[in-house]
2 protein chains.
Amino acid sequence: MKNIVETLKTLKLKVTPARIAILEIFSISDKPLSVEIIAKRMKDKQINQVTIYRTIESLVSAGIVGRIDLRRDAIFYELIDEHHHHHIVCTKCGLLEDFETCQIEEVSKNIILKSKKFKMIQDHSFELFGICNSCSRKNV
Amino acid sequence: MKNIVETLKTLKLKVTPARIAILEIFSISDKPLSVEIIAKRMKDKQINQVTIYRTIESLVSAGIVGRIDLRRDAIFYELIDEHHHHHIVCTKCGLLEDFETCQIEEVSKNIILKSKKFKMIQDHSFELFGICNSCSRKNV
DNA sequence: TTTCAATTGCAAGTCGATTGCATTTGAGTT
DNA sequence: AACTCAAATGCAATCGACTTGCAATTGAAA
């Protein structure tokens, strides 16, 4: 992500402390984040948790943040950047690994061509769930 | 799904009214169901909503029911049957369309071969999200 | 500097899902 | 057929992620 203020202006979103802070946190993180995690990383700044929820919602609507269901306690979010990727999640400990695949886009295209009820896809989910090597060894 | 009682016995699960009722509902439904929907379809039978939650959990653990996040209010579930499929979801009205694709299994295999932190995948999510033709026309 | 919709904080509320506990029950054992 | 006990169930209470109402504040355009 380039300059955060510029990005917000381009999107015609008001430049507010909450948006800047949250986008900063996203841009230095290489992992999807939950509202709870974001709140912890903002402890110094005085920003209400409700504001985090609403700010993220505005960023999702603006199309620069994506929502991910990792089958954990809360919803996770991450910046939608040029490196489109997906995740493998450990169902025991939550460990994440990214992977990139361009095949999903092809699959989606094929599917939409065959669909009778849909002509256009906005988004997709594709996450893998397993037990990481570390948890496997622990044999929990 | 063949005989429900036989299935439960094979899985070493007790044959209880709740399990039978829920598996019956699943087996006549061609769509994923939420706990709320299942509860409605069981109004005649006297089965507590908590029991539905716990029964579904046992069926998920036993590996015959799968959990699906359709980005709706609640989690959805459906029988894991021979026709492995995924869904396109209308983000406006929730309309569902199934699709089958064997390509996802291939993609998963390729990914796991490259992974450093995982050697085995249990499950995956793959759903498409869009606006259905009907909602498009309404231009909401 | 004026204006006003958008944003924010606070408190309260919503609602899907979970938990504790006493009771019941399925199914193996005697 | 009676015995045994872990598993399953119902009820009430609770949790916790998320949402909403409302008044106060603020970003940014006029």
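Computed from heavy atoms alone, side chains included, the values below leave out hydrogens, waters and symmetry copies. Chain letters run A, B, ... following the sequence lines, proteins first and then strands; every chain starts at 1.
- Nucleic acid contact class of Gln46(A) (heavy atoms, under 4.0 Å, all strands): sugar-phosphate only.
- With rounding to whole Å, Phe76(A) atom CZ is found 9 Å from dC18(D) atom P.
- With rounding to whole Å, Ile38(B) atom CD1 is found 14 Å from dG16(C) atom P.
- Residue Leu59(B) contributes atom CG, which lies 16 Å from atom P of dA7(D) at whole-angstrom precision.
- For Val50(A), whose side chain is taken as the heavy atoms from C-beta onward, the closest listed nucleotide among dT20(D), dC18(D), dG10(D) is dT20(D).
- For Arg54(B) against dG10(D), a side-chain-to-base donor-acceptor contact under 3.5 Å is present.
- Leu8(B) has its CG atom 14 Å from the C1' atom of dA27(C), to the nearest Å.
- As rounded to whole Å, 12 Å separates atom C1' of dA29(D) from atom NZ of Lys9(A).
- Along DNA chain C, the nucleotide nearest Lys14(A) and the nucleotide nearest Asn48(A) are compared for position; the residue whose nucleotide lies closer to the 5' end is Lys14(A).
- No continuous path of ILVMFWY side-chain contacts below 4.5 Å connects Val60(B) to Phe126(B), so the two sit in separate hydrophobic clusters.
- Using a 4.0 Å heavy-atom criterion, one finds that Thr55(B) contacts the sugar-phosphate atoms exclusively.
- Residue Arg19(A) contributes atom CZ, which lies 15 Å from atom C1' of dT25(D) at whole-angstrom precision.
- Remark: Thr16(B) is not in phosphate contact with dG26(C), judged by side-chain N or O atoms under 4.0 Å from OP1 or OP2.
- Classified by interplanar angle (parallel below 30°, tilted 30° to 60°, perpendicular above 60°), the ring pair His124(A)/His86(A) is tilted.
- Side chain of Pro17(A), nearest nucleotide from dG16(C), dG10(D), dG27(D): dG27(D).
- Taking the charged nitrogens against the carboxylate oxygens, Asp123(B) and Arg71(A) do have a contact shorter than 4.0 Å, which makes a salt bridge.
- Distances were taken from every side-chain heavy atom of Ala18(B) (C-beta onward) to each of dG10(D), dT9(D), dA17(D); the shortest belongs to dT9(D).
- Between Lys109(A) and Glu105(A), none of the side-chain N atoms (NZ, or NE/NH1/NH2) sits under 4.0 Å from a carboxylate O, so this pair counts as no salt bridge.
- Between the CG atom of Leu33(B) and the C1' atom of dG16(C) there is a distance of 16 Å, rounded to whole Å.
- Regarding contacts with the backbone of dC18(D), a side-chain N or O of Tyr53(A) is found under 4.0 angstrom from either OP1 or OP2.
- Going from atom CG of Leu13(B) over to atom P of dG28(C) covers 13 Å, rounded to whole Å.
- Other residues, nucleotides and ligands place no more than 12 heavy atoms under 6.0 Å from the CD atom of Gln46(A).
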